[in-house]
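Here's the structure, in structure tokens; my notes come after.
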Amino acid sequence: TYGALYNGYAVHDARGICPTGWHVPSLAEWGALVNYLGGSGAGGKLKQRGTTYWNSPNTGATNAACFYARGAGARAIPVGGTEYAFVPLGLYAGFWSTTIDAEGVRGVGLSYNSANVSSIASNINYGYSIRCLKD
């Protein structure tokens with residue numbers, strides 16, 4: 001229903017996580033998608049409408065891009081915490097990219113209470129979703 005959560009090692013494994021002819025997008029490719037969708041509010045255009053897979057209010061969700069993002073949660077260390085925990089279903093969806101920089105492994109995030117797409121820099125051990133992009 002929500003798909004699996006993967007750590008950053010799965011994204012960067014030489015065997016490849018995506019099928020032949022597909023790849024995990026870079027942060028630049030995610031940025032191109034967000035820009036194509038108009039920047040501000042692009043998250044709403046990616047999120048599945050309603051509250052079946054997202055908590056209320058699921059701000060701005062229109063799924064105009066037919067991406068059908070669902071609030072799959074994440075695995076991370078909470079702010080102020082010291083141990084990994086799961087972000088509950090319906091609150092958040094994080095998606096890995098192949099980009100690594102000084103801030104960490106990069107990706108994008110969507111939230112139930114925002115129509116925007118956030119840029120995330122994470123520990124490689126965190127767990128997020130993966131969307132494969134056709135080559």
Side-chain angles (χ1 to χ4, degrees):
T1 301
Y2 291 91
L5 298 178
Y6 300 87
N7 65 28
Y9 293 106
V11 175
H12 296 282
D13 188 302
R15 294 171 291 179
I17 188 119
C18 295
T20 301
W22 296 75
H23 67 278
V24 176
S26 67
L27 191 60
E29 288 172 311
W30 277 110
L33 175 61
V34 169
N35 288 336
Y36 176 79
L37 294 174
S40 180
K45 294 174 183 176
L46 297 171
K47 294 190 301 180
Q48 188 159 341
R49 288 180 288 180
T51 55
T52 301
Y53 303 105
W54 288 98
N55 286 12
S56 183
N58 197 12
T59 303
T62 65
N63 196 38
C66 297
F67 190 83
Y68 296 97
R70 296 177 175 181
R75 178 181 177 264
I77 298 175
V79 174
T82 57
E83 296 185 19
Y84 286 94
F86 286 97
V87 175
L89 295 175
L91 293 179
Y92 181 79
F95 295 92
W96 287 113
S97 82
T98 56
T99 304
I100 301 176
D101 61 22
E103 296 182 51
V105 183
R106 303 302 299 262
V108 297
L110 305 172
S111 177
Y112 77 101
N113 62 355
S114 174
N116 295 320
V117 177
S118 61
S119 176
I120 54 177
S122 298
N123 178 309
I124 200 162
N125 293 307
Y126 281 21
Y128 296 124
S129 300
I130 291 175
R131 281 289 177 106
C132 297
L133 182 64
K134 191 166 176 63
D135 293 344

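We use all heavy atoms of the structure for the numbers below, so side chains are in, but hydrogens, waters and symmetry mates are not.
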**OP:** Under the side chain to side chain contact (heavy atoms under 4.5 Å, CB included) rule, what do Val11 and Val105 come out as? Steps first, then yes or no, please.
**Re:** CA-CA 10 Å; Val11 175; Val105 183; 5.9 Å; no
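- The shortest non-hydrogen separation linking Ala72 to Ser129 is CB-OG, 3.8 Å.
- Side-chain contact check for Asn125 versus Tyr9: some heavy-atom pair is nearer than 4.5 Å.
- In terms of the side-chain contact (heavy atoms from CB on, under 4.5 Å) criterion, residue partners of Ile77 (sequence neighbours excluded) are, by chain and number, Tyr84, Tyr126.
- Side-chain atoms of Lys45 never come within 3.5 Å of backbone atoms of Ala115 as a donor-acceptor pair (strictly under, hydrogens ignored).
- Taking 4.5 Å as the limit, every side-chain heavy atom of Leu133 sits out of range of all side-chain heavy atoms of Leu33.
- Every residue two or more places apart in sequence or in another chain that forms a side chain to side chain donor-acceptor pair (under 3.5 Å) with Arg70 is listed here: Gln48.
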**OP:** Evaluate the criterion side chain to side chain contact (heavy atoms under 4.5 Å, CB included) for residue pair Val117 and Leu110; output intermediate values, then yes/no.
**Re:** CA-CA 5 Å; Val117 177; Leu110 305 172; 3.8 Å; yes
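- Within the structure, side-chain hydrogen bond (donor to acceptor under 3.5 Å, both in side chains) contacts touching residues 86-109 (residues at least two apart or in different chains) are Asp101-Arg106, Arg106-Ser119.
- For the side chain to side chain donor-acceptor pair (under 3.5 Å) test, no residue two or more places apart in sequence or in another chain qualifies with Asn55.
- Rounding to the nearest 0.5 Å gives a distance of 10.5 Å between CG of Asn58 and CZ of Arg49.
- By the 4.5 Å heavy-atom criterion applied to side chains, Val108 and Ser118 are not counted as neighbours.
- When atom types are taken as modelled, the side chain of Asn7 and the backbone of Gly127 share no donor-acceptor pair closer than 3.5 angstrom.
- Interatomic distance, Leu27 CG to Ile120 CD1, rounded to the nearest 0.5 Å: 9.5 Å.
- Scanning for ring pair (Phe, Tyr, Trp, His ring centres under 6.0 Å) contacts around Phe95 gives Trp30, Phe67, with sequence neighbours left out.
- Trp54 places no side-chain N or O within 3.5 Å of a backbone atom of Thr59 that could act as its donor or acceptor partner.
- When all heavy atoms of Tyr53 and Thr1 are compared, the pair lying nearest together is CE2-CG2, 3.2 Å.
- Identified under the disulfide bond (SG atoms under 2.5 Å apart) test for residues 26-135, with sequence neighbours left out: Cys18-Cys132.
- Summarising the geometry, atom OH belonging to Tyr6 is positioned 15.0 Å from atom CZ belonging to Arg75; distances are rounded to the nearest 0.5 Å.
- Interatomic distance, Ile130 CD1 to Ile17 CD1, rounded to the nearest 0.5 Å: 4.0 Å.
- At least one donor-acceptor pair closer than 3.5 Å links the side chain of Asn63 to the backbone N or O of Tyr68.
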